[in-house]
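For reference, the structure is listed below as structure tokens.
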Amino acid sequence: MTNHPPKAVDSVKIPPSKKFMGNKSRSIFAILIFLILLLFPLTQFIFGGMNYWLHLLLYAFMYIAMASSWNIIGGYTGYVSLGHNVFFTAGAYIAGLLWVYQGISPFIIAPFGGLIAFLIGLVFGLITLRTSGSAFIISSIALTSLAAILLDKWELAGGANGLSLNLIDLPLNTAKFPFYYAFLLLAALTVFVSYRIKHSKFGLGLRAISQDDVKAEVAGIPTNNYKILAFAISGLFIGIAGSLWVYYLTYLRPGLFLALGISANLVLMSLIGGKGTVVGPVIGAVIMIAINEFFVSQLGSSAMNIVAIGVLLILVLLFFPEGIIGTLKSNKKLPKILDWE
Amino acid sequence: MEQFLQILILGLSLGGVYALMSSGLTLIFGVMRIVNLAHASFIVVAAYISYWAFKLIGMDPILSVIITFPIMFLVGLLVYKLIFAKVIESSRFVEITVLLTFALSLIIEGLLNYFFTGIYRSTTPIYCTECLYFGNLYFPEGQFYATIVSVIILLGLFLFLRYTRLGNAIRATTQNRTAAKTVGVNVDRISMLTFGIGTGLAGASGSLVSFLFTFYPAKHMDWGTIILALIVLGGMGSLFGSLVGSFILSVIAAFVSYYFGPTWSPITFYSALFIILLIRPQGLFGKKMELSR
């Protein structure tokens, strides 16, 4: 780190520390939600038959974690990546293969899955973050294509057909519990890290980079290192999510993890909620999961599902580019409990 | 030596088609700085049009260029008018347009999947399995014709850009948008027409690849990455560059395919993309920093 004051970048403001510490209501709100979600699975013992809701919630937690994670490079830093499904796949393959061949529980492997994703992020960040704008987006797509062709050839992992994994050995009414809590913790951790990054010197540097790369560099921000680190961190949590999700899904197949729809979802969730905000991806993920669930339950068609994602993405880009949090904030109507910026 | 020549011929015989596939993308990027991720999806759509024209009325896929070009030209105009005209002034133009075209490619893939399912298809005119012999060397007949047609279309494109008023206006806009506006070029109209022509070229190449490769709705991922590699190698926005890039990479891919097996040949393009970005981000003929903003 250098000693240059970050205030050299004029359009970025540091929130005054008084508001920063004194804002109790939103902390209470967040802790309350977390506690409710922590206790929610107990309803299984009281009412029974809550598996559907547990599934939906843990699915939402996963996407909250992934969208928040994507937001670190795509939102804070302004480098849109369409290749984040590669991190998801990396985590899934590490955990899946070790579970199938060595019998090590994916819950233990998950952090390592994240670490591998982090390392992949470092290596590819080193190459691709020399570029910016459209070249970066192109390279992120090439990363996906490269991964796809390698996985199709990987005999040990079953190639394009993949492998199937053993189910977790638990009775039906508690089988979802470990996943529920793992994804809940992951989501909480990711959002917390995302929040801390946003309010750190590092995060300030990232925001400066998103506004003007060159000015940020001149202001003394080590832009290259920052960008690569942000890219790798944003891969970390998605890798962990992949490791957990493969165990939950019990299938390890390139098409399930390296899907374009996953990358598209991450972008769309962040955009709907508000790219570059802390709460935006969380809200975006919840809304998208709800919409998706509605469409699947009403129409049930999976081919048209991706069409809906595409149409929604176009509509948001054209008419609602700032997202929910961004729009509320520019109109000064953002409720205090959602204002974590 | 003979073997070497044979592989070289096989490589070169696909170069022309690759050049045609990427020409529209280059043209659109040159004029508008839009990286059109839906370009390959348009190629797939045109391939389906050729497929059904062949299947239903027995139309030769090469001949169907005369219907796919105008159809895709109109599609291009429509897409431009509906989507891109709205964001032309946006401050986050690059990011928004890339995501818009990405969304477009998802929509096209989903619709094709819905209507035609994921079955692998290709048109099968008689010549697609025949070979032409020159001494001991052979030339797959389909690729031979496809190359000739591609070269004719590219030559037509070159003459159009070089010798017509509209073509000059397009080149002027490519070189400097503001300056072109200053000397009285209607830049918005040129942008729309270029998008149409570029998409039309995707259409024409779609007819040709319909009998060279098998295709399915998600095929745009493969083709898309390949043509992106071609234009990044050539230097984005440079038509000549994408032409040279196409021939270089298709020859290398032919050698990779010969020595490591045909399923590995796409990896040539993907890794080329990374290598170029690493050592020469502006490509062979691009201006420095062309790509950044």
Side-chain angles (χ1 to χ4, degrees), chain A residues 74 78-80 82 123-124 126-150 152-153 210 212-214 255 258-261 263-265 267-268 271 275 301-319 321, chain B residues 29 33-35 37 82-83 86-87 90 92 94-100 102-115 117-118 217-218 220-222 224-226 228-229 231-232 236 261 263-264 266-267 269-278 281-283 289-293:
Chain A
Y79 278 67
V80 171
L82 297 177
V123 172
F124 277 95
L126 215 57
I127 300 173
T128 58
L129 284 163
R130 292 157 52 91
T131 61
S132 60
S134 35
F136 175 72
I137 304 180
I138 292 173
S139 67
S140 72
I141 294 172
L143 181 57
T144 308
S145 299
L146 199 60
I149 200 163
L150 291 177
D152 275 354
K153 305 263 173 288
S210 80
D212 193 323
D213 241 335
V214 181
L258 209 58
L260 266 189
S263 290
N265 261 329
V267 179
L268 187 52
L271 275 172
K275 204 162 72 77
S301 159
S302 64
M304 288 312 268
N305 213 352
I306 203 165
V307 178
I309 293 178
V311 171
L312 211 55
L313 189 52
I314 289 184
L315 292 178
V316 170
L317 283 165
L318 288 183
F319 304 110
Chain B
F29 181 82
R33 297 294 181 273
I34 292 176
V35 176
L37 298 183
L82 283 178
I83 298 176
K86 291 192 191 349
V87 295
S90 166
R92 291 190 298 145
V94 169
E95 180 194 319
I96 287 186
T97 51
V98 171
L99 289 177
L100 282 173
F102 177 62
L104 210 54
S105 73
L106 293 181
I107 294 173
I108 294 173
E109 182 187 330
L111 288 176
L112 289 176
N113 248 325
Y114 184 75
F115 287 113
T117 70
H220 72 97
M221 265 308 279
D222 299 358
T225 321
I226 287 176
L228 284 172
I231 67 169
V232 168
M236 293 191 68
T263 48
W264 284 104
I267 216 162
F269 299 95
Y270 309 154
S271 28
L273 192 53
F274 284 112
I275 296 169
I276 304 150
L277 288 175
L278 188 62
Q282 74 273 30
M289 298 305 287
E290 179 85 75
L291 263 170
S292 296
R293 289 283 161 197

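As the structure is a computational prediction, the values presented were derived from the model and not from experiment. Chain A is the first sequence line, chain B the second, and so forth, proteins listed ahead of strands; every chain is numbered from 1.
Both the backbone and the side chain of A:I127 come within contact range of chain B, each with at least one heavy atom under 4.5 Å from a heavy atom of that chain. For B:S90, no part sits under 4.5 Å from any heavy atom of chain A, backbone or side chain. Contact annotation for A:F136: neither backbone nor side-chain heavy atoms come within less than 4.5 Å of a heavy atom of chain B. Using a 4.5 Å cut-off between heavy atoms, A:L150 contacts chain B through its side chain alone, with no backbone atom that close. Using a 4.5 Å cut-off between heavy atoms, A:V267 touches chain B through its side chain atoms alone. Looking at A:I137, the atoms closer than 4.5 Å to chain B (heavy atoms on both sides) all sit in the side chain, from C-beta outward. If you measure heavy-atom distances from B:F102 to chain A, the contacts under 4.5 Å come from the side chain alone. Heavy-atom distances place no part of A:L312 under 4.5 Å from chain B, backbone and side chain included.
Interatomic distance, A:L268 CG to A:S263 OG, rounded to the nearest 0.5 Å: 12.0 Å. The OG atom of A:S139 lies 9.5 Å from the CZ atom of A:F124; values are rounded to the nearest 0.5 Å. Note that CD1 of B:I96 and CG of A:L317 are 6.0 Å apart. Values are rounded to the nearest 0.5 Å.
Ranked by heavy-atom pairs under 4.5 Å with chain B, the list A:L260, A:L318, A:L313 is led by A:L260. Interface remark: of the candidates B:E95, B:R92, B:K86, B:E95 forms the most heavy-atom pairs closer than 4.5 Å to chain A. Note on A:A148, A:G78, A:S145, A:P321: by heavy-atom pairs under 4.5 Å with chain B, the leading option is A:S145. Counting heavy-atom pairs under 4.5 Å between each of A:T144, A:L143, A:D152, A:T128 and chain B puts A:L143 at the top. Among A:L271, A:V311, A:L146, A:I309, the residue with the largest count of heavy-atom pairs under 4.5 Å with chain B is A:L146. Taking chain A as the reference chain and counting heavy-atom pairs below 4.5 Å, the highest number among B:L99, B:L37, B:I34, B:L273 is found for B:L99. The choice from B:L104, B:L100, B:I267, B:T225 that makes the most heavy-atom pairs within less than 4.5 Å of chain A is B:L100. Ranked by non-hydrogen atom pairs under 4.5 Å with chain A, the options B:L111, B:L112, B:I275 are led by B:L111.
Contact between B:A218 and B:E109 at its shortest, heavy atoms only, is CB-OE2, 3.7 Å. Closest approach of B:G118 and B:P217 over heavy atoms only: CA-CD, 3.9 Å.
Annotation: side chain of B:I108 is not in contact with side chain of B:H220 (no heavy-atom distance under 4.5 Å). In this structure, B:Y270 and B:D222 have side chains that are in contact, with non-hydrogen atoms separated by less than 4.5 Å. B:I107 has its side chain within reach of A:I314: a pair of non-hydrogen atoms, C-beta onward, lies under 4.5 Å apart. Residues A:L258 and B:M221 fail the side-chain proximity criterion, which asks for heavy atoms closer than 4.5 Å. You'll find the side chain of B:F29 reaches within 4.5 Å of the side chain of A:S134, heavy atoms only.
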